[in-house]
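For reference, the structure discussed in these notes is given below.
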Amino acid sequence: MRVGFVGCGRFASTVHYPSLSDLEGAELVAIAELDDGRRAAAGDRYGIPTSARYRDHREMLAAADVEAVYVVMEPGPAAPVVIDCLRQGRHVFMEKPPGIDLTVTERLADEAERAGRILQVGWNRRFAPVIRRSAELLAGATPTLVMGEFHKAHPAPEPFCGTGSWLVVDQSHALDAITFLAGGLPSSVTARCRALRGYADCNTALLGWDAGTTGIFMSNYVSGGRVERFELHCEDGAAYMEAPGEATIYRAGAEPERLEGAALAGGDAYHRTYGYLQEGAHFLASVRAGTRPETSIQHAVGIMRLAGEIERSVTA
């Protein structure tokens with residue numbers, strides 16, 4: 001599959017370009033980036049001909065023969081780029097969050113539906129091998145309890161990328177992983193959020209599903225350091241996961257089973273152990289099959305609504 005890429009920043013260069021380079025059946029043939037230095041560095045590293053390096057993404061869409069496009073840039077300017085790609089008949093992978101708020105996300109979903117194209121959002125945690133394998137090993141039983149927590153000692157004075165929301169811009173990773181472990185979006189939400197530094201940065205929620213599953217979400221961005229872990233419980237089984245490194249599976253009456261992220265991912269490279277490679281493979285497979293990806297823009301609308309429900313409980 002011939003792929004174009006919009007954006008050559010630090011994050012794109014750290015995880016998404018290496019992932020595309022490692023994916024069989026994917027050929028990166030064109031890039032677009034406003035910054036001359038970043039565009040040259042990415043083009044040189046991945047062997048993109050000078051003639052296929054564009055400053056304007058619209059020039060790339062007009063000239064390059066690509067079926068799919070990665071758009072990895074801040075959510076504000078990303079949305080109109082994604083819309084341009086969809087309207088030009090390209091399938092799109094975009095990084096989270098899908099726009100700065102629910103209104104933009106809903107517009108992107110409408111545009112994808114109208115164009116008849118796939119738009120996948122980059123919530124990679126559900127694709128991290130230790131989380132994926134843990135869910136597979138406990139498949140077949142309805143989860144009784146799922147838990148996700150994502151804490152940081154974040155120095156930024158306000159949520160980055162202009163979203164005004166830690167839940168939208170970063171903590172949504174944990175929300176999406178919880179919905180994966182539970183098997184879908186929750187039907188009920190009871191939340192308590194605190195704005196310790198002017199924004200909803202200390203957030204908790206009790207979630208419920210019609211099947212009987214209970215979920216617990218916790219995220220504190222004025223904590224002492226970065227901690228990210230998940231739990232999945234079902235009858236006589238449990239998984240304790242710390243992506244991207246390891247997980248432990250417990251079954252009643254059996255010895256614990258240890259999972260190592262690097263062993264499952266076929267190497268310890270960050271883009272492999274944290275699920276970036278795997279979400280890229282899922283995107284390309286969805287495009288080939290014409291099927292809706294797990295983290296489709298339609299699913300993203302649900303995650304953004306969930307974030308909004310949680311944030312409405314904010315107190316000082």
Side-chain angles (χ1 to χ4, degrees), residues 1-35 37-57 59-61 63-75 78 81-82 84-86 88-96 98 112 117-129 132 173 244 261-262 264-291 293-297:
M1 187 180 301
R2 295 169 62 84
V3 179
F5 206 114
V6 182
C8 300
R10 180 189 59 81
F11 188 68
S13 300
T14 300
V15 296
H16 288 300
Y17 280 100
S19 295
L20 270 174
S21 181
D22 286 352
L23 284 173
E24 293 185 8
E27 182 184 6
L28 179 61
V29 299
I31 60 175
E33 163 64 49
L34 290 172
D35 185 274
R38 291 200 297 252
R39 185 172 63 251
D44 291 347
R45 182 173 183 181
Y46 293 100
I48 306 300
T50 303
S51 61
R53 305 177 190 181
Y54 302 91
R55 191 174 190 278
D56 191 318
H57 71 278
E59 295 177 2
M60 184 186 78
L61 293 173
D65 178 18
V66 296
E67 185 176 355
V69 178
Y70 271 61
V71 178
V72 181
M73 50 195 297
E74 290 195 4
V81 174
V82 169
D84 285 344
C85 293
L86 292 170
Q88 292 297 316
R90 271 60 171 213
H91 302 284
V92 181
F93 172 94
M94 72 178 302
E95 254 303 331
K96 62 82 192 165
R117 293 295 180 265
I118 287 170
L119 173 52
Q120 178 174 325
V121 180
W123 280 303
N124 63 294
R125 302 310 196 263
R126 66 167 60 212
F127 296 102
R132 203 78 178 181
H173 271 309
L264 292 171
D268 61 0
Y270 187 78
H271 67 281
R272 288 179 170 271
T273 59
Y274 229 154
Y276 294 101
L277 173 71
Q278 295 81 0
E279 74 177 355
H282 181 69
F283 170 61
L284 298 180
S286 299
V287 171
R288 291 190 183 102
T291 55
E294 291 180 19
T295 55
S296 67
I297 189 61

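If you read the sequence from its start, that first residue is 1, and numbering goes on from there. This one's a predicted model, so the numbers in the text were calculated from it and none came from an experiment.
Using modelled atom types, one side-chain atom of T295 and one backbone atom of V121 make a donor-acceptor pair closer than 3.5 Å. Under a 3.5 Å cut-off, the side chain of R39 and the backbone N or O of I31 do not form any donor-acceptor pair. Looking at R117, its side chain never comes within 3.5 Å of a backbone N or O of L86 through a donor-acceptor pair. Under a 3.5 Å cut-off, the side chain of H57 and the backbone N or O of A32 do not form any donor-acceptor pair.
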Which is it for R132 and E294 under the salt bridge (charged side-chain N to carboxylate O under 4.0 Å, His left out) test, yes or no, and what are the steps along the way? CA-CA 13 Å; R132 203 78 178 181; E294 291 180 19; 2.5 Å; yes

Show your reasoning for whether side chain to side chain contact (heavy atoms under 4.5 Å, CB included) applies to E27 and V3. CA-CA 6 Å; E27 182 184 6; V3 179; over 6 Å; no

Evaluate D22 against R272 for salt bridge (charged side-chain N to carboxylate O under 4.0 Å, His left out), listing each step before the verdict. CA-CA 9 Å; D22 286 352; R272 288 179 170 271; 3.6 Å; yes

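Residues passing the salt bridge (Lys or Arg N to Asp or Glu O under 4.0 Å) test with E33 are R38, sequence neighbours excluded. Partners of F11 under the ring-ring contact (aromatic ring centres under 6.0 Å, His included) rule, at least two apart in sequence or in another chain, are H16, Y276.
Put simply, the side chain of C85 reaches to within 4.5 Å of the side chain of L61, judged on heavy atoms. Side-chain contact between V72 and M94 is absent, with no heavy-atom pair separated by less than 4.5 Å. Looking only at side-chain heavy atoms (C-beta outward), I297 and P98 come within less than 4.5 Å of each other. For the pair N124 and H173, the minimum side-chain heavy-atom distance is below 4.5 Å.
Salt bridge present: R53 and D44 bring a charged side-chain N and a carboxylate O closer than 4.0 Å.
Here CG of L277 is found 11.5 Å from CZ of F127. Values are rounded to the nearest 0.5 Å.
For the pair L20 and A26, the tightest heavy-atom approach, listed with the atom from each and the gap, is CD2-CB, 4.2 Å.
By the 6.0 Å and 45° rule, R45 does not stack over the aromatic ring of Y17.
Under a cut-off of 6.0 angstrom, the local environment of CG in D268 is sparse, with at most 12 non-hydrogen atoms contributed by other residues, nucleotides or ligands.
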